[in-house]
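This report concerns only the one structure given below.
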Amino acid sequence: MNTKTFDFPFIVFSIIISVFGAIIGMQLITSLGITPNTSIIGALIAMLIARIPMKMFYKYRSIENQNLIQTSISAATFGAANSLLIPIGIPFVMGMPELIIPMLIGSGLALLVDVFILYKVFDSKLFSADETWPPGVATAEALKAGDEGGSKAKFLGIGIVGGLVGSHFGVAMSAFGVAFIGNIWALLMFGIGLLLRGYSDSLFGVDLNAYYIPHGMMIGAGSVALLQFILVLVKSKKEKNPDNVQEGEHINSRTDSDIKKGFGIGFVLYLIAAAILAVISGIIGDMSVLQIVMFIVFAAFAALASEIIVGIAAMHSGWFPAFAVTLIALLLGMMLGFPPVALALLTGFTAATGPAFADLGYDFKSGAILRKDQKTAMELFGRRQQLKSSLIGFGVAIAMVSLFHNSFFSQDLVPPVDHVYAATIDSGLSGNIGMLLLLWAIPGAIIQLIGGPKRQMGILFATGLLIVNPIAGWAVIAGILIRFIVLKVKGQEAENAMYTMAAGFIAGDAIYSFFTSLWKVK
């Protein structure tokens with residue numbers, strides 16, 4: 001890769017496309033409550049520009065540069081919508097406009113720490129580049145097909161058409177495609193969770209949400225997952241030696257030392273960011289010293305736990321329960337007795353982490369696929385280049401939200417999820433919510449223990465329970481069955497074609513969702 005990639009014209013183009021992504025993200029999160037995957041769109045734009053017969057566009061013929069462009073637009077979209085606009089919308093909805101700027105500063109700091117941690121731990125034994133990260137696979141396969149053509153382009157094209165057609169008829173094609181490439185046990189639990197949440201009321205007359213079953217399950221599974229993470233870190237294991245690695249086995253580019261530094265320094269940075277938020281928001285004057293200390297420590301812990309849980313779900317399934325994990329942090333904050341103002345800040349601070357972690361993980365996965373078989377030094381160099389592109393996108397996101405949040409709020413355009421957070425804070429805890437959360441945490445913890453840190457069955461089952469989308473559940477189960485049958489009949493030689501076609505399904509679904517979302521807004 002050319003070290004002069006980031007010249008002035010390239011940076012300007014990255015900023016322009018990031019502005020486009022940030023606008024799309026803010027518009028759709030306030031109008032429809034969703035954030036589209038713009039990675040594929042960014043990749044397609046870069047591929048089209050590369051074909052303009054002018055010298056200034058020649059550098060975009062490089063597949064690595066195309067990947068940098070999609071990294072920028074993706075970061076800007078998710079950063080503006082999920083990590084910034086959602087957090088600052090909470091104090092607005094609660095009638096606390098004076099907290100919008102402090103919340104913007106706090107969520108911006110949390111976002112940057114989120115990115116730092118992902119950069120340090122991506123392709124470690126905890127968040128390996130060899131894991132699924134489905135949207136990242138789709139983007140990389142699209143870029144490769146555009147670059148190579150041939151059978152890869154054919155299978156990808158078939159998959160994209162299938163994704164577009166299936167999505168048009170209401171089939172969750174991303175879920176269907178993920179089933180072709182992900183861990184079968186993790187995805188099976190994800191599918192079962194989706195089906196249980198979708199049909200529990202009609203089949204058993206039980207509303208799982210009313211009894212906080214999904215939330216309790218996630219607390220139990222998440223707690224065990226965090227303990228499993230800690231055990232991996234403290235367990236004395238020799239680093240993998242390339243001489244002892246079997247042929248074809250993935251060698252992680254990040255070590256246990258990188259993991260400890262990433263999460264250790266990251267937690268300290270979260271503590272500092274939470275302390276800054278507490279000071280500039282003025283809640284120090286309204287809370288006791290003990291409450292302030294509890295707020296700072298719990299906010300940092302919730303942010304770290306959020307990104308880990310969200311990251312695990314995103315890595316295995318391509319779906320991340322950021323809203324639900326943030327709601328869990330809010331419920332726990334209420335149980336700790338924080339006042340409403342502190343709860344609003346805690347919720348926004350937690351919401352700022354996770355989505356960027358997952359999205360940048362997808363982008364790094366794309367890069368890892370494109371740089372496959374390169375030496376570790378080149379892979380790390382390429383990842384640093386992607387980090388630069390993501391920082392351009394996140395920087396644009398912070399600037400765009402700072403400049404234009406008032407224009408959205410003045411029209412009462414606020415992410416719908418903010419009304420849920422505000423209503424939860426206003427209503428307070430009632431009944432035996434704490435007991436229900438504790439009760440359902442037990443089976444969640446047991447399932448996570450049974451599956452172990454590799455399968456993450458508890459996290460994925462709880463993720464399914466937290467999402468109301470039974471069609472996606474059927475799509476996952478159907479995909480697993482088809483994958484099993486094809487491999488039985490055709491053998492392992494069919495795996496590559498299935499993999500590329502699955503990436504097409506995910507890409508087609510992303511393209512369809514993107515354009516239909518824009519159409520609905522119009």
With the side chain counted from C-beta on, respond yes when F176 and I480 share a heavy-atom pair under 4.5 Å apart, and no when they do not.
no

Just wondering, are more than 12 heavy atoms of other shown residues or ligands nearer than 6.0 Å to OH in Y211?
no

Any donor-acceptor N/O pair, D123 side chain to S253 backbone, under 3.5 Å:
yes

Kindly indicate whether the side chain of M501, heavy atoms from C-beta on, has any atom under 4.5 Å from the side chain of I158.
yes

Would you please indicate yes or no on a ring centroid separation below 6.0 angstrom for Y60 and F13?
yes

Given L460, which partner from the list Q448, H316, R455 fulfils the side-chain contact (heavy atoms from CB on, under 4.5 Å) test?
H316

Is a side-chain N or O of N469 found less than 3.5 angstrom from the main chain of L194, in a donor-acceptor match?
no

When you look at CZ of F484, are more than 12 heavy atoms from neighbouring residues, nucleotides or ligands closer to it than 6.0 Å?
no

Greater than 12 external heavy atoms within 6.0 Å of F301's CZ
no

Got I308 and F263 here, is their nearest side-chain heavy-atom distance under 4.5 Å?
yes

T77 side chain vs G21 backbone, donor-acceptor pair below 3.5 Å:
yes

Side chain N65, main chain S62, donor-acceptor under 3.5 Å:
no

Is the closest side-chain heavy-atom distance between R197 and N209 below 4.5 Å?
yes

Is atom NZ of K152 surrounded by more than 12 heavy atoms (other residues, nucleotides or ligands) closer than 6.0 Å?
yes

Any ion pair linking E379 and K372 (charged N to carboxylate O, less than 4.0 Å)?
no

Ion pair check, D147 and R61, cut-off under 4.0 Å
no

Side chains of L68 and F10: does their closest heavy-atom pair fall under 4.5 Å?
yes

Give a yes or no on whether the backbone of I40 and the side-chain of Q70 come within a donor-acceptor separation of less than 3.5 Å.
no

Do V486 and F180 come close enough that some side-chain heavy atom pair is under 4.5 Å?
no

Where the side chain of T132 meets the backbone of P134, is there a donor-acceptor pair that is under 3.5 Å apart?
no

Criterion side-chain hydrogen bond (donor to acceptor under 3.5 Å, both in side chains) on S167 and D509, from CA distance to verdict
CA-CA 6 Å; S167 298; D509 191 23; 2.8 Å; yes

How long is the straight-line distance from CD of E141 back to CG of L370, given to the nearest 0.5 Å?
8.5 Å

Taking atom CD1 of I16 and atom CD1 of I73, what is their separation to the nearest 0.5 Å?
12.0 Å

Should we say atom CH2 of W319 is surrounded by more than 12 heavy atoms from elsewhere, each under 6.0 Å from it?
yes

Taking side chain as C-beta onward, heavy atoms only, is V137 less than 4.5 Å from I369?
yes

Starting at CD1 of I309, measure out to OG of S223 and round the result to the nearest 0.5 Å.
7.0 Å

Determine, for Y119 and R384, whether the Lys NZ or Arg CZ falls below 6.0 Å from the six-membered ring centre while staying within 45 degrees of the axis.
no

T71 side chain vs S389 backbone, donor-acceptor pair below 3.5 Å:
no

Matching residue for F122 among W133, F127, F116 - test: ring pair (Phe, Tyr, Trp, His ring centres under 6.0 Å)
W133

Tell me if a side-chain donor or acceptor on K261 pairs with a main-chain N or O of D256 at a distance below 3.5 Å.
no

Would a 4.5 Å heavy-atom cut-off, applied to side chains only, mark V325 and F320 as touching?
no

Nearest-0.5 Å distance that lies between atom CD1 in I477 and atom CH2 in W474
8.0 Å

State whether the side chain of S202 and the backbone N or O of Y199 hold a donor-acceptor pair below 3.5 Å, judged by distance alone.
yes

Evaluation steps, ring pair (Phe, Tyr, Trp, His ring centres under 6.0 Å), between F78 and F357:
CA-CA 10 Å; F78 279 89; F357 189 94; over 10 Å; no

Rounded to the nearest 0.5 Å, the CG atom of L227 sits from the CG atom of L449 at a distance of 8.5 Å

Donor-acceptor check, side chain of S366 to backbone of G136, threshold 3.5 angstrom: yes or no?
yes

Interatomic spacing from NZ in K144 to CG in N67 - rounded to 0.5 Å:
12.0 Å

